[in-house]
**Q** 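Have a look at the structure that comes next, please.
The model shown is predicted, which means the values in this text are computed figures rather than measured ones. Residue numbers start from 1 in every chain, and the chains themselves are labelled A, B, ... in the order their sequence lines are given, proteins ahead of strands.
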Amino acid sequence: MNKIILKGQTSFVPSHIFECGQAFRWKKLDDEAYRFIFRDMVLEARSIDDSIEILGDFSDKNEILNYFDLNTDYDAIKAKLSLNDEILTKAISFGGGMRILKQDPFETYISFIISANNQIKNIKNTIKKLSQMYGKKLNNPFDDEEYYAFPTQLELSNAKPEDIKEYARAGFRSERIVIASKMVQEGIINFDELKEKNIDDIRKTLLEVPGIGEKVFQCILLFGLGRTDSFPVDVWVKRVMEELYYGGEERNKKLIQEDGLRRFGDLSGYAQQYLFYYMRENFKKMKKEEKNVDNK
DNA sequence: GACCAGGCAAAGT
DNA sequence: ACTTTGCATGGT
């Protein structure tokens, strides 16, 4: 077992990182202790006192550090976004330990096709099942629970949509998953090439894929291609923007996306994540309180 | 049992 | 170009 110890981190809170909706292959073990899968490794990240520990069987520490985006100065980003913006100041004081993970483009691409009109809980479950069905078994250095790698483009392009529907419970997204995988396998979609292009060209290519619209495209940009000049507008971001920035007035998603990019520029992706987490967690808290009142 | 979930695609204006 | 409708599934 190998271990990384990080000290003096001002922006590294495991719960903020894993529960902000960017990644789906993780499990909460305890407060600020998470198990997660990165490439072919089962790893754990924990916050202990004022240090962060990352555990697992890995050989290259830099790979792990890069995954957690450790070369980016989040203090500078947070300072810039907080300036003249009371809403983001609040959101950042709530979830300022968030970091944008540098995830695999193919995994991100398939995961967010699955996310369409779905719940995070179901998305996680479908991805877990897909991995069990088609991915290779991984070494788990922690206990006897079985984990599987996210399937490769080849493994998923050979999958049968009916099987995905039946066992992974992906519903109408099942066929899209296989077609999208085949398009990567055939070279129609090439992530290394896409990384070199401008956003409008990337959009043109990715919107050809069934299951990818503007929102899923923005998520692939942000989480898979590392483009932080992106602003995915889902139901939560729509809600938080309307409630906190537009005084309760409704706006369509296209306008909200344009406005987000205009306000936050190259930092739009970070702003979006702080806002998403802030809105969703506070909504969950409200629900819980309602429940407690009902029980009295 | 209606309504919602990190929307998309197709049909209708 | 903008707006509505159907879509699998699981949770509340």
**Q** What nucleic acid atoms does A:I113 come within less than 4.0 Å of, heavy atoms only: base, sugar-phosphate, or nothing?
**A**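 Result for A:I113 = nothing.
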**Q** Starting from the C-alpha separation in whole Å, work towards a yes-or-no answer on side chain to side chain contact (heavy atoms under 4.5 Å, CB included) for A:E146 and A:N140.
**A** CA-CA 7 Å; A:E146 291 186 357; A:N140 171 8; over 6 Å; no
**Q** Go through B:dG7, C:dT9, C:dA8 for me and flag the one nearest to the A:N122 side chain.
**A**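 Selected nucleotide: C:dT9.
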**Q** Which nucleotide wins on minimum distance to the side chain of A:A116, given the candidates B:dA9, B:dG7, C:dT9?
**A** B:dG7
**Q** So, applying side-chain contact (heavy atoms from CB on, under 4.5 Å) with A:I114, which one of A:N122, A:N125, A:I177 is it?
**A** A:I177
**Q** Could you state the NZ-C1' distance from A:K124 to C:dT9, rounded to the nearest angstrom?
**A**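 For the pair A:K124 NZ and C:dT9 C1', the rounded distance is 17 Å.
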**Q** Ignoring the backbone of A:F172, work out which of B:dA9, C:dT3, B:dG7 is nearest its side chain.
**A** B:dG7
**Q** Sub-3.5 Å donor-acceptor pair from the side chain of A:E155 to the main-chain atoms of A:S131, do we have one?
**A** no
**Q** At less than 3.5 Å, do the side-chain atoms of A:Q119 and the base atoms of C:dG11 form a donor-acceptor pair?
**A**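 Absent.
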**Q** Could A:R263 and A:F231 be counted as a cation-pi pair, given that NZ or CZ must be under 6.0 Å from the ring centre and within 45° of the axis?
**A**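 No.
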**Q** Starting at CG of A:N118 and ending at P of C:dG6, how long is that distance when rounded to a whole Å?
**A** 20 Å
**Q** How is A:G213 classified with respect to the nucleic acid when contacts are heavy atoms under 4.0 Å: base, sugar-phosphate, or nothing?
**A** sugar-phosphate
**Q** Roughly, in whole Å, what's the span from CD in A:E250 to P in C:dC2?
**A**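 After rounding, the gap between these two atoms is 17 Å.
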**Q** Under 4.0 angstrom, heavy atoms only, what part of the nucleic acid is A:R280 near: base, sugar-phosphate, or nothing?
**A** sugar-phosphate
**Q** For A:F68 and A:Y34, I'd like to know if the aromatic rings sit close, meaning centre-to-centre distance below 6.0 Å.
**A** no
**Q** Can you figure out which of C:dC2, B:dA5, B:dC8 approaches the side chain of A:K254 most closely?
**A**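 Of the candidates, C:dC2 comes closest.
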**Q** Whole-Å distance between C:dG10 C1' and A:I127 CD1?
**A** 16 Å
**Q** Return no unless some side-chain N or O of A:R169 is found under 4.0 Å from OP1 or OP2 of C:dA8.
**A**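 The answer is no; no side-chain N or O of A:R169 sits under 4.0 Å from OP1 or OP2.
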**Q** Out of C:dA8, B:dA5, B:dG7, which has the shortest distance to the side chain of A:R239?
**A** B:dA5
**Q** Atom CZ of A:R176 and atom C1' of B:dG7: how far apart are they, to the nearest Å?
**A**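 Whole-Å distance recorded here is 8 Å.
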**Q** I need the CG-P distance between A:L130 and C:dA8, as an integer number of Å.
**A**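 Computing the A:L130:CG to C:dA8:P distance gives 17 Å.
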**Q** Name the closest nucleotide to the A:N252 side chain, picking from B:dA9, C:dT3, C:dT9.
**A**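 The answer is C:dT3.
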**Q** Establish, yes or no, whether a centroid distance under 6.0 Å links the rings of A:Y270 and A:Y74.
**A** yes
**Q** B:dC8, OP1 or OP2 - any side-chain N/O from A:K215 closer than 4.0 Å?
**A** no
**Q** Taking CZ from A:F283 and C1' from B:dC3, how many angstroms apart are they, rounded to a whole number?
**A** 12 Å
**Q** On DNA chain B, nearest-nucleotide positions of A:I212 versus A:Q273: which is more 5'?
**A** A:Q273
**Q** May I ask you to say what A:V209 touches in the nucleic acid, namely base, sugar-phosphate or nothing, with a heavy-atom cut-off under 4.0 Å?
**A**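 Sugar-phosphate contact only - A:V209 comes under 4.0 Å of backbone atoms but never of a base.
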**Q** Using a heavy-atom cut-off of under 4.0 Å over every strand shown, decide if A:E175 touches base, sugar-phosphate, or nothing.
**A**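 Answer is nothing: A:E175 stays at 4.0 Å or more from every strand.
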**Q** Rounded to whole angstrom units, what separation is found between the CG atom of A:N117 and the P atom of C:dT5?
**A** 15 Å
**Q** At 4.0 Å (heavy atoms only), tell me whether A:E214 reaches a base, stays on the sugar-phosphate, or touches nothing.
**A** sugar-phosphate
